[in-house]
Peer 1: 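Following this message is one structure expressed as structure tokens.
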Amino acid sequence: MKKVFQNAYCFDDVKISNKPIYVKDGIIVEEFEIDDQTELIDCNNLALLPSFVDMHVHFRDPGFTYKEDLESGSKAALKGGFTSVLLMGNTKPTVSSVEIYEDIMKRAKDLDLIDINQVYTITKDFDGKTLDHLDNLPKSVKFISDDGHGVDDDLTMYKAMLKAKELGVNMTLHEEVRGVSPIDYEIAEDAMTLRDCYYAYKLDCPVHFSHVSTRGSIKAIEYFKNLGAKITCEVTPHHLYLADKKREEVKVNPPIRSEIDRLTLIEMIKKGVVDCISTDHAPHSKEDKEKGSPGFLGLETSFSTVYEVLVKSGEISLNHLIKLMSTNPAKILGLNKGKLKIGYEADFTLIDLDEEYTYREDEILSKSKNSLMIGKTLAGRVKRVYKKGVLKYEDN
């Protein structure tokens, strides 16, 4: 299979080019001689970017498939320009067993829509203390997480980091001291972030911090990164887009923070402290949302949201945004994608950067409709998405 992607403005994390991209068997290659077996793909002067990678997604499968499943979630990801995601393990049952993990991975592979990576729980069934299930950890697992909860017990987290280091897996951490969060969610996030930054530093254990939202937490991460800790972190589009919202207005964990927190996150993006932007895509039914379930959809509107907040506003370049949404998360996940470079997988997202569109509920591909962006006018519409050179999504 030989393909040439031509007539595009090609952006990655460092460069801009209008040269054609040559693809053979799903991999970007050096220029070759075009023959009758070569497919020429006209990109119609669109922006061609490395497809996006999301480090933090909920597809609710198994157990809550009335909200989302692997297929609907994958289609929502493609609509947003993503070809790779990391799924959290707070399903029913939780991803604490080889059987559940392998079932998810097999069904995801059979769908052949996007690349799905699945976390394994840190503690068995989120009990906050049991680590024995990690002794049978499948070799393909890259991350462990108790997302939805923090690991409250200090000794358990200490042992979990030692175990992760022994097994050669990373951790992606939801930081929240459970007993404190109903009283002060800011302190709840900051206190656990400080503990786990210190543990990561002293134990030399790789740690990724999920949905960082406070000034205190991101400053702690900066401090320990500067000491040499193997720390990476993500922020979400909604914590960059919104500020000063009451919990009853926008129910999400971590909550929407102050304008000072929001501006600090942007400052830390510009300084390079923030490694990636992840959606925390959290589909819920209308009934569950009315009962107070936290979170909302993010995959389909992520690029347009942060493109407005960060690029159109002049805070960072589009190249820097690609680093946050493609290059860095791909590197953290150990994927051979995220750059328009020879030898990398040909995962491309074509975007009309100038097209404005109104995000409508009847166009949502997720099973759920709990998006903050419904009715809003956004810029930068995803037109086509290719995975290893194969068209997987086309607008309309």
Peer 1: Just wondering, do S51 and S326 contact through their side chains at under 4.5 Å, heavy atoms?
Peer 2: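 No, every pair of side-chain atoms sits at 4.5 Å or beyond.
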Peer 1: Under a 4.0 Å threshold between the charged nitrogen and the carboxylate oxygen, would E345 count as salt-bridged to K337?
Peer 2: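 So K337 pairs with E345 through a salt bridge.
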Peer 1: Report the relative orientation of the aromatic rings in Y120 and H133; use parallel for angles under 30°, tilted for 30 to 60°, perpendicular for over 60°.
Peer 2: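 Correct class here is parallel.
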Peer 1: Enumerate the ring pair (Phe, Tyr, Trp, His ring centres under 6.0 Å) contacts for residues 158-193, please, sequence neighbours excluded, ordered by first and then second residue.
Peer 2: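 Listed by first then second residue: Y158-Y199, H174-H211.
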Peer 1: With no hydrogens and no angle check, just 3.5 Å: does a side-chain donor-acceptor pair link S366 and S368?
Peer 2: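 No pair is found: no donor N or O on one side chain lies under 3.5 Å from an acceptor on the other.
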Peer 1: Begin from the C-alpha positions of T83 and D347 and carry the test side chain to side chain donor-acceptor pair (under 3.5 Å) through to its verdict.
Peer 2: CA-CA 7 Å; T83 57; D347 282 25; 2.8 Å; yes
Peer 1: Is any side-chain N of the basic residue among K286 and E361 closer than 4.0 Å to the acidic one's carboxylate O?
Peer 2: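 No, K286 and E361 are not salt-bridged.
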Peer 1: Examine the side chains of Y101 and S140 and answer whether a donor and an acceptor come within less than 3.5 Å of each other.
Peer 2: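 There is such a pair between these side chains.
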Peer 1: Using side-chain heavy atoms (C-beta onward) and a distance below 4.5 Å, is E71 in contact with R107?
Peer 2: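 No, every pair of side-chain atoms sits at 4.5 Å or beyond.
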Peer 1: Under the criterion side chain to side chain donor-acceptor pair (under 3.5 Å), I'd like the reasoning laid out for D54 against H281: C-alpha separation, chi angles, the key distance, then a yes or no.
Peer 2: CA-CA 9 Å; D54 198 324; H281 177 81; over 6 Å; no
Peer 1: Salt bridge check, D115 against K387: does any charged N sit closer than 4.0 Å to a carboxylate O?
Peer 2: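 Salt bridge present between K387 and D115.
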Peer 1: Between D132 and K124, does at least one N-O distance fall below 4.0 Å, as a salt bridge requires?
Peer 2: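 The answer is no: the pair does not qualify as a salt bridge.
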Peer 1: What distance do N253 atom CG and E189 atom CD have between them, rounded to the nearest 0.5 Å?
Peer 2: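 If I round to the nearest 0.5 Å, the distance is 10.0 Å.
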Peer 1: If you measure from the Lys or Arg side-chain nitrogens to the Asp or Glu carboxylate oxygens, is any gap between D153 and K129 under 4.0 Å?
Peer 2: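 K129 and D153: not salt-bridged.
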Peer 1: Ignoring hydrogens and angles, state whether a donor on the side chain of S96 or T121 is under 3.5 Å from an acceptor on the partner side chain.
Peer 2: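 Their side chains do contain a donor-acceptor pair, which is all the 3.5 Å distance test asks for.
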Peer 1: Could you list the residues that satisfy ring-ring contact (aromatic ring centres under 6.0 Å, His included) with H239, not counting sequence neighbours?
Peer 2: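 Checked H239 against ring-ring contact (aromatic ring centres under 6.0 Å, His included); zero matches.
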Peer 1: Can you confirm whether D362 is buried at CG, in the sense that more than 12 heavy atoms of other residues, nucleotides or ligands lie under 6.0 Å from that atom?
Peer 2: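 Counting neighbours around CG of D362, more than 12 heavy atoms of other residues, nucleotides or ligands fall under 6.0 Å, so yes.
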Peer 1: Regarding E267 and K270, does a basic nitrogen lie under 4.0 Å from an acidic carboxylate oxygen?
Peer 2: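 Between K270 and E267 there is no salt bridge, as every charged N stays at least 4.0 Å from the carboxylate O atoms.
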Peer 1: Do NZ/NE/NH1/NH2 and the carboxylate oxygens of K383 and D352 come within less than 4.0 Å?
Peer 2: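 D352 and K383: not salt-bridged.
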Peer 1: With the threshold set at 4.0 Å, does a side-chain nitrogen-carboxylate oxygen contact exist between R215 and D190?
Peer 2: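 Here R215 does not pair with D190 in a salt bridge, since their nearest N and O are not under 4.0 Å apart.
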Peer 1: Rounded to the nearest 0.5 Å, how far apart are CD1 of I269 and CG of D275?
Peer 2: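 Here the rounded value is 10.5 Å.
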Peer 1: Between T214 and S217, do the side chains contain an N or O donor and an N or O acceptor separated by less than 3.5 Å?
Peer 2: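 Side-chain D/A pair, T214 to S217: present.
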Peer 1: Which heavy-atom pair separates P50 from I322 by the least distance, and what is that distance?
Peer 2: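 So the two residues come closest at CD-CG2, 3.8 Å.
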Peer 1: Among D147, T236, T279, find the one that has a side-chain hydrogen bond (donor to acceptor under 3.5 Å, both in side chains) with H56.
Peer 2: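 Only match with H56 under side-chain hydrogen bond (donor to acceptor under 3.5 Å, both in side chains): D147.
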Peer 1: Could K291 and E287 be called an ion pair, given the rule that one side-chain N must be under 4.0 Å from one carboxylate O?
Peer 2: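 The answer is no: the pair does not qualify as a salt bridge.
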Peer 1: Looking at K376 and E308, does any basic side-chain N land under 4.0 Å from a carboxylate oxygen?
Peer 2: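 Between E308 and K376 there is no salt bridge, as every charged N stays at least 4.0 Å from the carboxylate O atoms.
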Peer 1: Is there a side-chain contact between C197 and I231 (heavy atoms, below 4.5 Å)?
Peer 2: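 Yes, at least one pair of side-chain atoms sits under 4.5 Å.
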Peer 1: Can Y359 and S304 be counted as having a side-chain donor-acceptor contact under 3.5 angstrom?
Peer 2: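 There is no such pair (donor and acceptor under 3.5 Å, judged by atom type) between the side chains of Y359 and S304.
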Peer 1: With side chain to side chain donor-acceptor pair (under 3.5 Å) as the criterion, how do T264 and D261 come out once you've worked through the C-alpha distance, each side chain's angles and the decisive distance to 0.1 Å?
Peer 2: CA-CA 5 Å; T264 302; D261 293 307; 5.7 Å; no
Peer 1: Is there any ring pair (Phe, Tyr, Trp, His ring centres under 6.0 Å) pair reaching into residues 296-319, and which pairs are they, with sequence neighbours excluded?
Peer 2: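 Non-adjacent pairs meeting ring pair (Phe, Tyr, Trp, His ring centres under 6.0 Å): F52-F303, H238-F296, F303-Y307.
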Peer 1: With a 4.0 Å cut-off on N to O distance, would you call K341 and D12 a salt bridge?
Peer 2: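 No salt bridge links K341 with D12.
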Peer 1: Would the number of heavy atoms belonging to other residues, nucleotides or ligands and lying under 6.0 Å from OH of Y66 be above 12?
Peer 2: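 Yes, the 6.0 Å shell around OH holds more than 12 heavy atoms from other groups.
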